There are 2 protein chains.
Amino acid sequence: MKSLTHPAREDLLIQSVLDALANPIRLRIVKRLAGGEELTCSTVLPEVSASTASRHWQVLRESGILWARREGRIILHTLRREDLDFRFPGLLDCVLAAVEEEERGTAA
Amino acid sequence: MKSLTHPAREDLLIQSVLDALANPIRLRIVKRLAGGEELTCSTVLPEVSASTASRHWQVLRESGILWARREGRIILHTLRREDLDFRFPGLLDCVLAAVEEEERGTAA
DNA sequence: TCCATAGTTCGCGAGTTCGCGAACTATGGA
DNA sequence: TCCATAGTTCGCGAACTCGCGAACTATGGA
């Protein structure tokens, strides 16, 4: 079990971030984080096994989208909003806005 | 050989657009289009076969990122900048800015 | 020390993506 | 009509993604 490694702010790559966001489950995770929630690994919306969830958290963490910190026996995840805004100004906001608008549209 | 179908502006989906952008070849195509170039199918930077290129153009077209119009025996592609900006304000600009910044960094 | 909870890792199968070449279609010009 | 150019489609294999369950590690508490 490796320790939780994160890329430095200056090492974030647009390609990796886009890869990470180009998945519905991960996009929903990001949306929830953006809402201010601190999520654990087992909190994923579309019900998915622990191993699958773990992989998604890993992709998000390694692309630099979120911070993961151990707190006792759980891992808490938070958005790296400052770093994302610094490297890719506007990206997060406009992706989130699009997701929310589409959800409003689908909601009926 | 089907005719060139494009999604309507209101049918653009953030997920499809992110999927389309989450590929290095397609991202480079978008970057060139953003530079104002009108590209044909055979103009792709990292040398790739015609069939592979055709597939990439198709993904970009079907996600709504570009317009394809037949002009004699070639197909000219242009960015759907207005539609993208309308549906996902800021997305294109910040992705392009990130790509260019990374290229400047790597160029050295 | 032993147990329960929280995550990770491994191995696997199903499905997808990405590349190719070969064969095809479409268009314009000789 | 015939040819050349520009793209598309098909079939394929290699590689990757995404899901799972089983087995593992890490941590905190009884």
Side-chain angles (χ1 to χ4, degrees), chain A residues 1-7 13-33 37-78, chain B residues 1-7 13-33 37-78:
Chain A
M1 229 178 217
K2 296 157 194 166
S3 56
L4 303 168
T5 57
H6 300 83
L13 296 172
I14 186 66
Q15 191 71 70
S16 309
V17 169
L18 290 173
D19 272 328
L21 296 178
N23 172 286
I25 291 183
R26 291 194 293 264
L27 198 49
R28 298 186 74 152
I29 290 177
V30 170
K31 194 206 150 199
R32 286 193 59 177
L33 291 173
E37 292 184 79
E38 278 203 307
L39 302 180
T40 62
C41 292
S42 36
T43 327
V44 186
L45 306 175
E47 260 50 282
V48 104
S49 73
S51 53
T52 299
S54 180
R55 171 70 187 144
H56 285 306
W57 289 112
Q58 186 192 0
V59 170
L60 288 167
R61 178 167 47 82
E62 291 181 349
S63 68
I65 291 178
L66 50 77
W67 294 117
R69 70 168 202 280
R70 185 123 226 159
E71 192 101 333
R73 75 186 99 168
I74 66 178
I75 293 177
L76 287 174
H77 296 94
T78 49
Chain B
M1 230 176 214
K2 297 156 195 165
S3 57
L4 304 167
T5 57
H6 300 83
L13 296 172
I14 186 67
Q15 192 71 69
S16 309
V17 170
L18 290 173
D19 271 327
L21 295 178
N23 171 286
I25 291 183
R26 291 194 293 264
L27 198 47
R28 298 186 73 154
I29 290 177
V30 170
K31 194 207 150 199
R32 286 192 59 176
L33 291 173
E37 292 183 79
E38 279 203 307
L39 302 180
T40 63
C41 293
S42 35
T43 327
V44 187
L45 308 173
E47 260 48 283
V48 105
S49 73
S51 54
T52 300
S54 180
R55 172 70 187 144
H56 284 306
W57 289 112
Q58 186 192 0
V59 170
L60 288 167
R61 179 168 47 83
E62 291 181 348
S63 68
I65 290 178
L66 49 77
W67 293 117
R69 70 169 201 281
R70 185 124 227 161
E71 193 100 334
R73 73 185 104 169
I74 66 178
I75 293 176
L76 286 175
H77 297 93
T78 49

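Chain letters run A, B, ... following the sequence lines, proteins first and then strands; every chain starts at 1. Bear in mind the structure is a predicted one, so any value in this text is a computation, not a measurement.
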(Q) Tell me whether B:His56 contacts the main-chain N or O of B:Arg26 through its side chain, where contact means a donor paired with an acceptor under 3.5 Å. (A) no
Q) Listed in order of residue number, which residues of residues 15-22 of chain A have a non-hydrogen atom at under 4.0 Å from DNA chain C? A) none
Q: To the nearest Å, give me how far apart CZ (A:Arg70) and P (D:dT25) are.
A: 14 Å
Q. Closest heavy-atom contact between A:Leu39 and A:Thr43?
A. CD2-CG2, 4.0 Å
Q.
In whole Å, I'd like the distance from the CD atom of B:Glu71 to the C1' atom of C:dG28.
A. 13 Å
Q. What's the spacing between A:Ile75 CD1 and A:Leu4 CG if we round to 0.5 Å?
A. 4.5 Å
Q.
On DNA chain C, does the nearest nucleotide to A:Arg73 precede the nearest nucleotide to A:Arg55 from the 5' side, or the other way round? Give the residue.
A. A:Arg73
Q.
If you apply the rule side chain to side chain contact (heavy atoms under 4.5 Å, CB included), what do you find for A:Leu21 with B:Ile14, and how did you get there?
A. CA-CA 10 Å; A:Leu21 296 178; B:Ile14 186 67; over 6 Å; no
Q | B:Ile75 CD1 to C:dG28 P, straight-line distance once rounded to whole Å | A | 12 Å
Q: Map A:Gly72 and B:Gln58 onto DNA chain D by nearest heavy atom, then report which one ends up closer to the 5' terminus.
A: B:Gln58
Please write out the pairs of protein N or O atoms and N or O atoms of nucleotides 19-22 of chain D separated by less than 3.5 Å, giving the distance to one decimal.
from, atom 1, to, atom 2, distance (Å)
D:dG19, OP2, A:His56, NE2, 2.5
D:dC20, OP2, A:Ser49, N, 2.8
D:dC20, OP2, A:Ser49, OG, 2.9
D:dC20, OP2, A:Thr52, OG1, 2.8
D:dG21, N7, A:Ser51, OG, 3.3
D:dG21, O6, A:Ser51, OG, 2.9

**Q.** Value in whole Å for how far the P atom of C:dG7 lies from CG of A:Leu76
**A.** 8 Å
Q. A:Ser63 side chain to A:Val59 main-chain N or O, any donor-acceptor pair under 3.5 Å?
A. yes
Q) How many Å lie between CG on A:Leu4 and P on D:dA26, as a whole number? A) 12 Å
Q. Which of these passes side-chain contact (heavy atoms from CB on, under 4.5 Å) with B:Glu38: B:Arg32, B:Glu71, B:Arg69?
A. B:Arg69
Q: Measure the CD1-CD1 distance between A:Ile29 and A:Ile65 for me, rounded to the nearest 0.5 Å.
A: 10.0 Å
(Q) Would you say that A:Leu76 contacts A:Thr40 through its side chain, given a criterion of any heavy-atom pair below 4.5 Å between the two side chains? (A) yes
Q | Considering all heavy atoms, the nearest A:His77-A:Cys41 contact | A | CE1-SG, 3.4 Å
Q: Using atom CG of B:Leu27 as one end and atom C1' of C:dT17 as the other, report the distance to the nearest whole Å.
A: 17 Å
Q.
So which atom in B:Leu60 and which in B:Ala20 form the shortest heavy-atom distance, rounded to 0.1 Å?
A. CD2-CB, 4.2 Å
Q | 5'-to-3' dot-bracket of DNA chain D (Watson-Crick, G-U; under 3.5 angstrom; crossing pairs as [ ]; | other strand) | A | ||||||||||||||||||||||||||||||
Q. Nearest-Å distance, NE2 (A:His77) to P (C:dA6)?
A. 14 Å
Q. Does any donor atom in the side chain of A:Gln58 or A:Arg61 lie under 3.5 Å from an acceptor atom in the other side chain?
A. no
**Q.** Gap between atoms CZ and C1', on A:Arg61 and C:dT8 respectively (whole Å)
**A.** 10 Å
